[in-house]
Peer 1: 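The following block contains the structure, expressed as structure tokens.
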Amino acid sequence: MAKKRPGINTICTHVGEIEDTQFKGAVSPIYPSSSYAFMDVDVKRYPRYFNTPNQEFLAKKIAALEHAEAAMIFGSGMAAISTTLLAFLKAGDHVVVQKDIYGGTRNLIEEHFDNYNIEYTFTEGLAISHFEKALKENTKMIYIETPSNPLLKLVDMFGISKLAKSNNIMTAIDNTFASPVIQNPVDFGIDIVIHSATKYFGGHSDICAGAVATTQANIDTIWSMAKNLGGSLSDYTVWLLERSMKTLGVRFKAQQRNARKLANFLSGHEAIKKVYYPGLDHHPSHEIALAQMRGFGAMMSFDLDDHIDARAFMNALKMIKPSMSLAGIESTVILPAETSHALLTAEERQSQGIGDNLIRFSAGIESRRDLETDIEQALVAVAKANV
Ligand SMILES: *Cc1c(COP(=O)(O)O)cnc(C)c1O
């Protein structure tokens with residue numbers, strides 16, 4: 001019988017700890033060596049081989065969190081994504097890529113894949129039929145990201161894995177927005193799970209890192225590309241990431257609680273036109289959320305009323321920070337029209353439902369009432385400025 005998996009907070013706290021046999025300290029020691037013995041050792045260790053003690057042990061925590069056999073840690077989310085794609089996709093292969101994926105991933109594909117003779121098709125939508133339509137004879141991989149940014153649309157993971165398996169295609173997912181706290185793609189048959197650990201794994205807006213979790217055989221393939229591309233993470237940061245990940249479960253749940261309450265608060269607000277949060281009944285992906293997530297996450301977006309100036313609103317916020325990134329313990333807001341989707345034309349943005357007044361909100365762990373108060377006072381301030 002399979003051994004019962006520890007609970008998520010126990011995995012966060014304990015799995016992959018390095019025992020301090022020398023001094024019996026409570027936390028993992030940090031091993032910063034970039035030079036290890038090569039004689040009479042089982043493993044030849046080197047940071048760019050992704051096998052220093054801190055790298056090797058933190059990978060066990062990430063594998064356990066994602067219900068996967070093995071994992072690897074990278075210097076950024078994009079290092080994890082680029083290394084994984086290039087490890088499996090060869091000249092002549094085709095990859096089906098979900099519409100609405102992270103901009104960096106889209107840039108990697110659009111700017112470079114032609115040079116490697118790797119074919120790609122971005123889907124027209126997020127339904128399984130859109131993925132099926134994009135398949136070709138030489139399709140090797142389907143690449144998805146759910147929830148997607150910024151409207152939190154979801155892709156049916158089980159549907160994707162079924163479609164892929166029946167066509168002998170592998171699947172990869174960017175699981176950054178959901179986190180393993182509420183979504184484990186491996187349980188739905190997805191082969192490779194990728195994270196920007198810069199986001200929820202790090203959680204304090206002070207680490208840039210990435211991770212991949214999958215089978216040992218896939219990790220071996222990814223490793224053979226990774227050691228050549230060289231996107232490893234410094235052991236100092238690996239150690240800091242381990243420290244951060246101990247609180248991943250409690251942080252994420254606190255952030256998610258705030259997001260859910262705020263989604264309800266904003267839904268009833270006269271100055272808000274629309275709220276996009278998978279936990280709301282009217283969200284187009286609500287049913288999929290119920291089927292594949294254990295919660296609705298801590299990211300949401302909302303449209304301010306047309307007469308409100310979005311920049312003025314953000315400037316009027318006193319505690320919530322306008323900020324590029326997401327998932328930290330502090331709440332942040334961003335204008336997709338000026339950042340992630342700035343390169344699209346206004347018409348393209350409109351067709352994707354990304355208006356100039358769309359605010360993406362990353363819920364932090366602050367007291368919920370203070371977040372509501374901050375948003376309320378900012379809305380009042382911009383309303384006054386308008387009269
Ligand atoms: C931030 C992000 C990435 C890229 O990660 P980096 O750590 O910045 O390289 C990839 N996917 C998603 C969904 C992200 O939010």
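This one's a predicted model, so the numbers in the text were calculated from it and none came from an experiment. Counting starts at 1 for both ligands and their atoms, following the listed order.
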Peer 1: Cation-pi check for Y200 against R251: NZ or CZ below 6.0 Å from the six-membered ring centre and within 45 degrees of the axis, yes or no?
Peer 2: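 The answer is no, since R251 fails at least one limit relative to Y200.
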Peer 1: In ligand 1, which numbered atoms sit nearer than 4.0 Å to a non-hydrogen atom of K199?
Peer 2: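 Checking each atom against K199, I get 1 (C), 2 (C), 3 (C), 14 (C), 15 (O).
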Peer 1: Tell me whether the centres of the aromatic rings in F302 and H269 are closer together than 6.0 Å.
Peer 2: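 No, ring centres 6.0 Å or more apart.
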Peer 1: Nearest to atom 8 (O) of ligand 1, what protein heavy atom do you find, and at what distance?
Peer 2: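 Residue, atom and distance for the closest contact: Y102 OH, 4.0 Å.
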Peer 1: Which atoms of ligand 1 sit under 4.0 Å from any heavy atom of E145?
Peer 2: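 Counting atoms of ligand 1 from 1, those under 4.0 Å from E145 are 13 (C).
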Peer 1: Closest non-hydrogen protein atom to atom 5 (O) of ligand 1, residue and atom name please, with distance?
Peer 2: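 Going by distance alone, atom 5 (O) of ligand 1 is nearest to S196 OG, 2.9 Å.
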Peer 1: Check whether any side-chain heavy atom of E124 lies under 4.5 Å from a side-chain heavy atom of K99, and answer yes or no.
Peer 2: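 No - every pair of side-chain heavy atoms lies 4.5 Å or more apart.
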Peer 1: Under 4.0 Å from any heavy atom of M78, which atoms of ligand 1 are there?
Peer 2: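 Numbered from 1, ligand 1 contributes 5 (O), 6 (P), 9 (O).
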Peer 1: May I ask you to check whether F177 has an N/O atom sitting below 3.5 Å from an N/O atom of ligand 1?
Peer 2: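 Between F177 and ligand 1, no N or O pair is found under 3.5 Å apart.
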Peer 1: Given 3.5 Å as the limit, does a donor-acceptor pair link the side chain of N258 with the main chain of E366, or not?
Peer 2: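 Yes; at least one donor-acceptor contact below 3.5 Å.
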Peer 1: With heavy atoms of A209 as the reference, note each atom of ligand 1 found under 4.0 Å away.
Peer 2: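 Once the distances to A209 are compared, the set is 7 (O).
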Peer 1: Report yes or no: does N184 contribute a side-chain atom to a donor-acceptor pair with the main-chain N or O of L65 at less than 3.5 Å?
Peer 2: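 Yes; judged by distance alone, with no hydrogens or angles, the pair exists.
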Peer 1: Got the closest protein heavy atom to atom 11 (N) of ligand 1, with its distance?
Peer 2: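 For atom 11 (N) of ligand 1, the nearest protein heavy atom comes out as D174 OD2, 2.6 Å.
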Peer 1: With heavy atoms of I81 as the reference, note each atom of ligand 1 found under 4.0 Å away.
Peer 2: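 Within the 4.0 Å cut-off of I81, ligand 1 contributes 10 (C).
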Peer 1: Could you check if a side-chain atom of E110 sits within less than 4.5 angstrom of a side-chain atom of R106, using non-hydrogen atoms only?
Peer 2: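 A side-chain contact exists here, since the closest heavy-atom pair is under 4.5 Å.
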Peer 1: Could you list which atoms of ligand 1 come closer than 4.0 Å to a heavy atom of T198?
Peer 2: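 Answer for ligand 1: 6 (P), 7 (O).
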Peer 1: Is any side-chain N of the basic residue among K261 and E372 closer than 4.0 Å to the acidic one's carboxylate O?
Peer 2: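 No, no charged N to carboxylate O under 4.0 Å.
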